[in-house]
Protein chains: 2
Amino acid sequence: MDDALSLVFGALADPTRRAILARLAEGEAPVTELGRPFDMSAQAISKHLKVLERAGLISRSRQGQWRPCRLEVAPLDHASGWIEQYRAVWEDSLGRLEQEIVRIQGRQDHAHD
Amino acid sequence: MDDALSLVFGALADPTRRAILARLAEGEAPVTELGRPFDMSAQAISKHLKVLERAGLISRSRQGQWRPCRLEVAPLDHASGWIEQYRAVWEDSLGRLEQEIVRIQGRQDHAHD
DNA sequence: CCGATATACAACCGACTGGTTGATAAACCG
DNA sequence: CGGTTTATCAACCAGTCGGTTGTATATCGG
């Protein structure tokens, strides 16, 4: 899938990439440093960074022979916003307890839609 | 990857599955109804539901010949919590402007690690 | 210019994904 | 009982994913 939200969630669906983002939350870093914690080739890291870049989660500049990566927050906003939107519907507009009651009643007479 | 967070983000990385969750935010629904909006076989929907179930995002009960699906919020909390954690580090503890300054200084003397 | 370092590109591999079709099980209805 | 509806299981297929190795390219530092 190539829609924006799917790219973002797909990029987040990997522990290595999440760790990279966690590191980038502390500030810019070049590729080699990002890869240092992982038992993995530099090319593998490069691929992960490409996935993150395609999702818009990072941007890369050039600084001599280094290509420092920087975290971009906007896609995280989108992802978080999507989740919160439906969590809100679930938790607020109905309420957890009330929802539970509705569920049990629905189980009994199954007439709520 | 089979860690919990990767399963959740992976499950969210598909528009069909996100639409199913959106529908389930309005209440329980059986498989056939969940699949109705999509131009897709019932088996494909069944597979999507299995992905969602494996991620803990839905649970399924039995009600005669129907298997109603129900949204589970806990994994969404985890996912949202992960995102917010790092967004917070980025936006609050440093601030966007201050971060920008750090970034530019780092570009000049490159001595911050 | 030369060698080392940093990074990217391409091809390959096994595993998984998202869909298909065909067959199957279970529960309702007449 | 037999037929319909609901849903799953199993096999298959093309495409993508996460990693590898090998090969380039570019920049720094003598």
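Residue numbers start from 1 in every chain, and the chains themselves are labelled A, B, ... in the order their sequence lines are given, proteins ahead of strands.
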Length of the line joining [X]:[atom1] and [N]:[atom2], which is rounded to integer Å:
X       : N      : atom1 : atom2 : value
A:Arg62 : C:dA8  : CZ    : P     : 8 Å
A:Ile45 : C:dT5  : CD1   : P     : 19 Å
B:Gln63 : C:dA27 : CD    : P     : 13 Å
B:Trp66 : C:dC28 : CH2   : P     : 8 Å
A:Met40 : D:dT21 : CE    : P     : 13 Å
B:Arg54 : C:dT17 : CZ    : C1'   : 12 Å
A:Arg36 : C:dT5  : CZ    : P     : 13 Å
A:Leu7  : D:dT16 : CG    : C1'   : 13 Å

Next item on the list: For B:Thr32, report the nucleic acid contact type (base, sugar-phosphate, nothing); a contact means any heavy atom under 4.0 Å.
Entry: sugar-phosphate
Margin query: Any residue in residues 8-18 of chain A with a heavy atom nearer than 4.0 angstrom to DNA chain D? Just list them by number, or reply none.
Written below: A:Asp14, A:Arg17
Between the side chain of [X] and the main-chain N/O of [Y], is any donor-acceptor distance below 3.5 Å?
X       : Y       : answer
B:Arg60 : B:Pro68 : no
B:Arg17 : B:Ala11 : yes
B:Arg62 : B:Gly64 : yes

Check: Applying the 4.5 Å side-chain criterion to the ILVMFWY set and letting contacts propagate, would B:Phe9 and A:Tyr86 be lumped into a single cluster?
Finding: yes
Margin query: Are B:Leu52 and B:Leu24 connected into the same hydrophobic cluster when the rule is that any two of I, L, V, M, F, W, Y join if their side-chain heavy atoms are below 4.5 Å apart?
Written below: yes
Note to self: Between A:Glu72 and A:Glu53, does the side-chain contact (heavy atoms from CB on, under 4.5 Å) criterion hold? Intermediate values first, please.
What the structure shows: CA-CA 9 Å; A:Glu72 297 291 338; A:Glu53 192 175 27; over 6 Å; no
Next item on the list: State which of D:dT6, D:dC28, C:dT20 makes the closest approach to the side chain of A:Gln65.
Entry: D:dC28
Next item on the list: Please tell me which of the listed nucleotides, C:dT7, C:dG18, C:dT20, lies nearest to the side chain of A:Pro30?
Entry: C:dT7
Check: Quick one: side-chain hydrogen bond (donor to acceptor under 3.5 Å, both in side chains) partners of A:Ser6, sequence neighbours excluded?
Finding: A:Asp3, B:Arg18
Margin query: Do B:Leu21 and B:Ile58 have side chains that approach each other closer than 4.5 Å (heavy atoms only, starting at C-beta)?
Written below: yes
Next item on the list: Could you tell me whether the side chain of B:Leu12 reaches within less than 4.5 Å of the side chain of A:Trp82, counting heavy atoms only?
Entry: yes
Restricting both atoms to N or O, compile the protein contacts to nucleotides 8-11 of chain D shorter than 3.5 Å, with distance only.
residue	atom	partner	partner atom	Å
D:dT8	OP1	B:Arg60	NH1	2.4
D:dT8	OP2	B:Ser46	OG	2.7
D:dT8	O4	B:Gln43	NE2	3.3

Check: Start at the 5' end of DNA chain C and walk down; is the nucleotide closest to A:Pro68 or to B:Val51 reached first?
Finding: A:Pro68
